[in-house]
Amino acid sequence: MEKFKTLTGIVLPLDRVNVDTDAIIPKQFLKSIKRTGFGGNLFDEWRYLDRGEPGQDCSDRPLNPEFVLNQPRYQKATILLSRANFGCGSSREHAPWALYDYGFRVLIAPSFAEIFYNNCFKNGILPIVLSENIVDRLFAEVESMPGYALTVDLENQTVTLPDQTVIPFDIDPFRKHCLLNGLDDISITLQHVQEIKAYEERKRNETPWLFQRNNE
Amino acid sequence: MMGKTLYDKLWDAHVVREDGDGVALLYIDRHLLHEVTSPQAFEGLRLAGRKPWRVESNLAVCDHNVPTTYPRNDIPDPVAKLQIDTLDRNCREFGITEFGIEDPRQGIIHIVSPEQGATLPGMTIVCGDSHTSTHGAFGALAFGIGTSEVEHVLATQCLVQKKLKNMLVRVEGQLPAGVTAKDIILAVIGKIGTSGGTGYAIEFGGETIRALSVEERMTICNMAIEAGARTGLVAVDEKTIAYLKDKPYAPTNRQWEKAVAYWTTLKSDEDASFDKVVTLDAATIAPQVTWGTSPEMVVAVDETIPDPEQEKDPEKKKGMERALTYMGLQAGTPITEIYLDKIFIGSCTNGRIEDLREAAKVVKGKKVAANIRQALVVPGSGPVKEQAEREGLDRIFRDAGFEWREPGCSMCLAMNADRLEAGERCASTSNRNFEGRQGYGGRTHLVSPAMAAAAAIAGHFTDVRRLYS
């Protein structure tokens, strides 16, 4: 996983509540057995005027000019600003894969759905929870100021606005550590092999039925 | 010392090591797999040269992409076929038990696992699917995970998790005739919202929940995720135990006795404290119908489409306006004046035998209305289908004009050929009414099986309670 330390990037405002994972990456693209290549289909149903199919070349599809992702001023955005309960719905990791593949590295919203939030950290995306008031302010500023950019500093847990206002954010220390260092958490867990084995040994005695082989 | 909640007990029993701040390495007893969220995890395992930690804890079934027509293995979409073949290949390579597409036990993973007894009380159960919360109906700690975590469980049998807060949703009182578990959970979501349960494990309790069958409890826990909670729970009781007796994967003989003794402790202590308690009076719940593009956009069948102008929160108001445009509906329209194009009865929410019985009771001796282009019944698993056929339910549905299909996720998320066309309106017993969920431009109304059946006959929504009075 790529390390995340600091980022200064253009902000794209997606002014909707409850943006669900079906909207982030529609189901027909979930048939892929790869982790990459989803960026062209990010927000597919909102972004294009036709219905997308897997494996299609997206470059000649009709774009929806109303949709924020297609507006020239937000091209090359790396920070996505949205509203409450972002990422609700299914557990599909294809959602953060699509956001990452498109180029987003930071998401800001007043709240995130849990499974999605968790999935972001496994893929080098930093989801930041800020208060409704601050998110309202960011939406107002982004829309009134072309080229609006924020600086995100994970080590210091801050978001810096163009006027140098510094806003702190909270993050779980373990997730922060993994993201800062680009750590694969399977190898971290495997440092505790002895403890896992000891747990299993104990449970084999206490609840042996959980360790039966399947009746195959 | 303060008593423990059921969630606390399940959590404590699975902590391998604590890392402070409520973060722990949690042991996973049962790992369920399907074709959509597992291929990248197996690939990761292969690339790192790892093997499944405890291969017998895994159970796989293909459900999302499968056709619901014969022949089962004739999959015209090559991308879907590759994904299903990939699951077969991965399971063979790593020695994981899989119920393949032609296995009589194949079906939707959240229906298959309980009916095989692979879901047991006191287990931690995970799957790369958000509706894993279903298994909490057995007093198991069950939650959905992403593909990276699927790989993590395969490789380590553990997950790094942060402990959730405890919420009790207490439902008391007698449920009126024609009102079902689906209506209870939709009413709960309407009350607390789609993020009301975020950060919580929700235990469903109270006399109404205790009076429900195990299958009905599964319907409720299934949609805990639609209230934002990764996990839903119901305490173990004699119904849970009776359901599991003699199931193929359940323990037997002395192991069974020992297991039952432990399972009966799986309930919240009398003096346990919850961070939040929500109470509902079952007697006041009416059949529910969603009108928008989020499960929280729900009203009773005898109400009208709400008016965004009455909404004070500007974000919610915008959301309501957008939903009404997408759904092609006007504020103030009575729910019973909404006409449907398609009917879908099935899914991990409502694809079990009791759901089919409930729908068949409404349909029996009647015909699907002329304006309904397609009415589908998709049993949740092979055994559900067989049981329904033994009871003659398939005949009731076919005679009325329904199509009787093979098991799978089907039109709940339209990854196979079963889907809505743009603009089509569907009464669906599934769990999500998001834009495009059942097909590009499709319009979904979530309802109970009885309500979907009644809508199929009437051609529009109708208050199913009238059929019971």
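Within every chain, numbering begins at 1; the chains are lettered A, B, ... in the order of the sequence lines, protein sequences first and strands thereafter. Everything quoted here is computed from the prediction, not taken from an experiment.
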Please state whether the side chain, the backbone, both or neither of Asn431(B) comes within less than 4.5 Å of a heavy atom of chain A. neither
For [X] and [Y], work out which heavy atoms get closest and say how close.
X	Y	answer
Ala155(B)	Ile186(A)	CB-CG2, 3.8 Å
Thr156(B)	Ile196(A)	O-CD1, 3.8 Å
Gly146(B)	Glu93(A)	C-OE1, 3.2 Å
Leu120(B)	Trp209(A)	CD1-CD1, 4.0 Å
Ser91(A)	Gly128(B)	OG-C, 3.3 Å
Gly228(B)	Glu114(A)	O-OE2, 3.8 Å

Contacting moiety of [X], where chain B heavy atoms sit under 4.5 Å:
X	result
Asp136(A)	neither
Phe116(A)	neither
Arg83(A)	side chain
Gln28(A)	neither
Pro26(A)	neither
Pro96(A)	neither
Ser111(A)	neither
Glu206(A)	backbone
Asn123(A)	side chain

Would a 4.5 Å heavy-atom cut-off, applied to side chains only, mark [X] and [Y] as touching?
X	Y	answer
Thr189(A)	His152(B)	yes
Pro173(A)	Asp21(B)	yes
Val193(A)	Trp53(B)	yes
Glu315(B)	Asp15(A)	yes
Val17(A)	Lys316(B)	no
Tyr27(B)	Leu210(A)	no

Going from [atom1] on [X] to [atom2] on [Y], what distance comes out if it is rounded to the nearest 0.5 angstrom?
X	Y	atom1	atom2	value
Asp20(A)	Arg437(B)	CG	CZ	8.5 Å
Glu296(B)	Asn85(A)	CD	CG	7.5 Å
Arg92(A)	Thr147(B)	CZ	OG1	11.0 Å
Asn118(A)	Gln161(B)	CG	CD	6.5 Å
Cys88(A)	Arg432(B)	SG	CZ	8.0 Å
His14(B)	Tyr199(A)	NE2	OH	4.0 Å

Side-chain ([X]) to main-chain ([Y]) donor-acceptor, under 3.5 angstrom:
X	Y	answer
Lys162(B)	Asp172(A)	no
Lys27(A)	Gly436(B)	yes
Lys203(A)	Ala13(B)	yes

Could you check whether atom NZ of Lys81(B) has more than 12 heavy atoms from other residues, nucleotides or ligands sitting under 6.0 Å from it? no
Got more than 12 heavy atoms from elsewhere within 6.0 Å of CG, Asp170(A)? no
Can you tell me which of [options] forms the most heavy-atom pairs within a distance under 4.5 Å of chain B?
options	answer
Ala95(A), Ala23(A), Ser32(A)	Ser32(A)
Gly55(A), Gly89(A), Ala113(A)	Gly89(A)
Arg51(A), Glu45(A), Lys122(A), His94(A)	Arg51(A)

Evaluate the criterion side-chain contact (heavy atoms from CB on, under 4.5 Å) for residue pair Trp46(A) and Glu435(B); output intermediate values, then yes/no. CA-CA 10 Å; Trp46(A) 294 342; Glu435(B) 286 183 27; 2.8 Å; yes
Would you please say whether a donor-acceptor pair under 3.5 Å links the side chains of Gln40(B) and Trp97(A)? no
Do Glu149(B) and Asn119(A) meet the criterion of a side-chain donor-acceptor pair at a distance under 3.5 Å? no
side-chain contact (heavy atoms from CB on, under 4.5 Å) between Glu200(A) and Gln157(B), intermediate numbers included: CA-CA 10 Å; Glu200(A) 281 184 328; Gln157(B) 209 60 42; 4.3 Å; yes
Evaluate the criterion side-chain contact (heavy atoms from CB on, under 4.5 Å) for residue pair Val16(B) and His192(A); output intermediate values, then yes/no. CA-CA 9 Å; Val16(B) 172; His192(A) 307 303; 5.9 Å; no
Check the pair Ile225(B), Ile115(A) against side-chain contact (heavy atoms from CB on, under 4.5 Å), reporting the backbone distance first and the verdict last. CA-CA 10 Å; Ile225(B) 185 67; Ile115(A) 304 177; 4.0 Å; yes
Regarding Glu151(B) and Arg35(A), does a basic nitrogen lie under 4.0 Å from an acidic carboxylate oxygen? yes
